[in-house]
There are 2 protein chains.
Amino acid sequence: MGLALSFQQDCNNGCLEECAREARSHAVMRTLKAKDLIITPATTLKEKPDPDNVVFGTVFTDHMLTIEWSSESGWEKPHIKPFQNLSLHPGSSALHYAVELFEGLKAFRGVDNKIRLFRPSLNMDRMHRSALRATLPGFDKEELMECIQQLVKLDQEWVPYSTSASLYIRPTLIGTEPSLGVKKPTKAMIFVILSPVGPYFSKGTFKPVSLWANPKFVRAWKGGTGDCKMGGNYGSSLLAQYEALDNGCQQVLWLYGEDNQITEVGTMNLFLYWINEDGEEELATPPLDGIILPGVTRQSVLDLARKWDEFKVSERHLTMGDLTTALEQSRVKEMFGTGTACVICPVSDILYKGETLHIPCMENGPKLASRILGKLTDIQYGREESDWTIIVS
Amino acid sequence: MGLALSFQQDCNNGCLEECAREARSHAVMRTLKAKDLIITPATTLKEKPDPDNVVFGTVFTDHMLTIEWSSESGWEKPHIKPFQNLSLHPGSSALHYAVELFEGLKAFRGVDNKIRLFRPSLNMDRMHRSALRATLPGFDKEELMECIQQLVKLDQEWVPYSTSASLYIRPTLIGTEPSLGVKKPTKAMIFVILSPVGPYFSKGTFKPVSLWANPKFVRAWKGGTGDCKMGGNYGSSLLAQYEALDNGCQQVLWLYGEDNQITEVGTMNLFLYWINEDGEEELATPPLDGIILPGVTRQSVLDLARKWDEFKVSERHLTMGDLTTALEQSRVKEMFGTGTACVICPVSDILYKGETLHIPCMENGPKLASRILGKLTDIQYGREESDWTIIVS
């Protein structure tokens, strides 16, 4: 309550001074530059886990990247150093006001032993958009990408020798403003950590998920931050996830609005492959209208399907009413979530208003889900040439 | 994208194991106990600032309180130690997913030189509710309050010798889960820091604020976390605050819904004192319907006004339409924000749909705002006996 104070006080006491300081600082403001990278290698290296048995995001590599920023000086030199705890002022705005964002992408070791990143520029673009939404500093996306590549190169032995595992890359940008005013941070930090991750579907076969669809919790809303990868979107979603588990389901199907629009599933985007109301074969996903996270896998599925040009591909609203009618009329073929972790995750059931709606996704192959998964992993593991990947090493 | 993984993997690999671990841990789970408090005093003490010239939340006292928690062992012994940086695992869930909440209250040095807290149990109650919403651990509220009192006692010379300044107390609870799965944290930490704060209105006279009312940004929504003091509510609000400043206003008037309901102002609750549609003299504030933060000052204003019983006191919806009609008909007396920092903050103008609506708050005294401010500060600084304060020392 009442942190409004800071704005008022800034304005009373420090406005002219701040303008003068800003004018001065513009002269010496440093930008993020990969060529300034300082590398302090770890003296002891950790043992690498068997990727088949590692729980997602629990094991980290030997090194991390940190880049500090201040409104006075801009970006400091990027630093790759041994993986270690962060030393943060207890007033840091990330800890109080969630002035923070993150990204998630993967490095894959291909069949040719080359290490590839999958469409990383889409992650950098989204990271930059999230930064502006969070009033965190902008940065040169190509330079950050180059620093991340250097980090992956240094820890390249952590990229699993497997075409079902990968190295998860987690860039993070946090406000480190050391004061309690609710305001744009004057200090911030990018840090990037790496975590080897195993196969999502252990035996190469899909395991479909059951969903809990209840309008009690709403993930995101118009005028909010649901289209950015800001921390606040995730912490607020946890309680719903546990209520889904309590109700015997594995994930939340996030609904929106009076008409119970279908928006996302868990932390994934959602696709419906069906015969639509007009009798057309259609692959549909909710449009980027402000409440949907613009997923890299989402975009890739749309791009692939549009290139195939075999059925209608739509970004459109879908409601629970549309879905139940279609199920009654046996018009639903497949439903699946998409995300960096699983790539494609089929849906088997939805618990909605006390009834379980069965989605015949597995019964239908799932043909489309399998085809997309195959195509994407072929690109990621270098079985197929594509300008969607860049080679790190 | 796609952190859904963690749930699935937890379920595949670790479900039974986790249940077993939880069963074991219940046997030895420690609760938070003030009698376990360990105090490590600072060896050098910092110089105290002149509270009249300090910017809110930028100066901290000599000590801080930390209490660590794990799902295996429960709450560790509370520790008061020299104010210092936190050492956090870079995977900590507070930094990625905003698994975090905070509180704000004040210690006042009264005219009798006694140090008082104002209704702290309301803060502890809200903190506990926020913890459950964020899937952070619960705690014994009385025991935490006792630890905070010990901290204030130790740093009591930091409570300004002034009846216009105070010591701001910032309890914080963060998830320190050291892994990237989007899940309930298995580690967490309470930390409490203290910051001396000066008078909000420097010369004892109100300075009213101008507001920017635009439905472009929405602070909170039904099914979200707007009624809890979670970090994510604040980081997502910053961009709107800067758009308000760009439009020549000082704060955001947060609107909601198709009918542009008036909800909160900046980080404060909002009150309208007017002659309502039925010709009744009324003090009105939006109801606690899920999108309003239950402010301690809000509750105190309602409690006072109801006790006075001189006019109607309502928790009700108010729309921009209600307000503009009332302004046209000269039925508006006062409008003000309420919060811990300023107590009462009058509103002078609202920029809405390109027009500036003038609120005749200052022209009307503001009589009611002044009376409430006087009453509350009389209680806080011990000029009036009240069971709303507890004496620390």
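Quick note: numbers below take in every heavy atom, side chains included, and nothing from hydrogens, waters or symmetry partners. Below, chains carry the letters A, B, ... as their sequence lines are ordered, and counting in each starts from 1.
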Chain A contacts, top residue of B/Gly175, B/Pro90, B/Ala94 (heavy-atom pairs, under 4.5 Å):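 Of the candidates given, the most pairs with chain A belong to B/Pro90.
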Chain A interface, residue from B/Gly223, B/Gly232, B/Gly224 that has the most non-hydrogen pairs under 4.5 Å: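 The answer is B/Gly223.
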Out of [options], return the one with the most heavy atom pairs under 4.5 angstrom to chain B.
| options | answer |
| --- | --- |
| A/Arg133, A/Glu103, A/Met230 | A/Arg133 |
| A/Phe60, A/Phe83, A/Trp221 | A/Trp221 |
| A/Ile193, A/Leu105, A/Ile174, A/Val99 | A/Ile193 |
| A/Leu95, A/Asn233, A/Leu136 | A/Leu95 |

Which atoms of [X] are under 4.5 Å from chain B, going by heavy atoms: the side chain, the backbone, both sets, or neither?
| X | result |
| --- | --- |
| A/Ser87 | both |
| A/Gln84 | backbone |
| A/Pro178 | backbone |
| A/Ala134 | backbone |
| A/Thr58 | both |
| A/Arg298 | neither |
| A/Thr225 | side chain |
| A/Leu132 | backbone |

Please classify the contact between [X] and chain A as side chain, backbone, both or neither, with a heavy-atom cut-off of under 4.5 Å.
| X | value |
| --- | --- |
| B/Leu88 | both |
| B/Thr172 | side chain |
| B/Phe191 | side chain |
| B/Ala220 | backbone |

Any donor-acceptor pair under 3.5 Å from A/Tyr242 side chain to B/Lys184 backbone: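 At least one qualifying donor-acceptor pair exists.
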Over all heavy atoms of both residues, which pair between [X] and [Y] is shortest? Give the atoms and the distance, please.
| X | Y | value |
| --- | --- | --- |
| A/Ala98 | B/Ala98 | CB-CB, 3.5 Å |
| A/His96 | B/Arg170 | ND1-NH1, 2.9 Å |
| A/Phe56 | B/Leu180 | CE2-O, 3.7 Å |

Candidate pair B/Val182 and A/Gln241, rule side-chain contact (heavy atoms from CB on, under 4.5 Å), full reasoning: CA-CA 9 Å; B/Val182 180; A/Gln241 171 60 28; over 6 Å; no
Neighbour count above 12 (heavy atom, 6.0 Å) for B/Lys106 NZ: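 Atom NZ in B/Lys106 is packed in, count exceeds 12.
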Aromatic ring pairing A/Tyr97/B/Tyr234, orientation class (parallel under 30°, perpendicular over 60°, tilted between):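 Because their plane-to-plane angle lies in the 30° to 60° range, the rings of A/Tyr97 and B/Tyr234 count as tilted.
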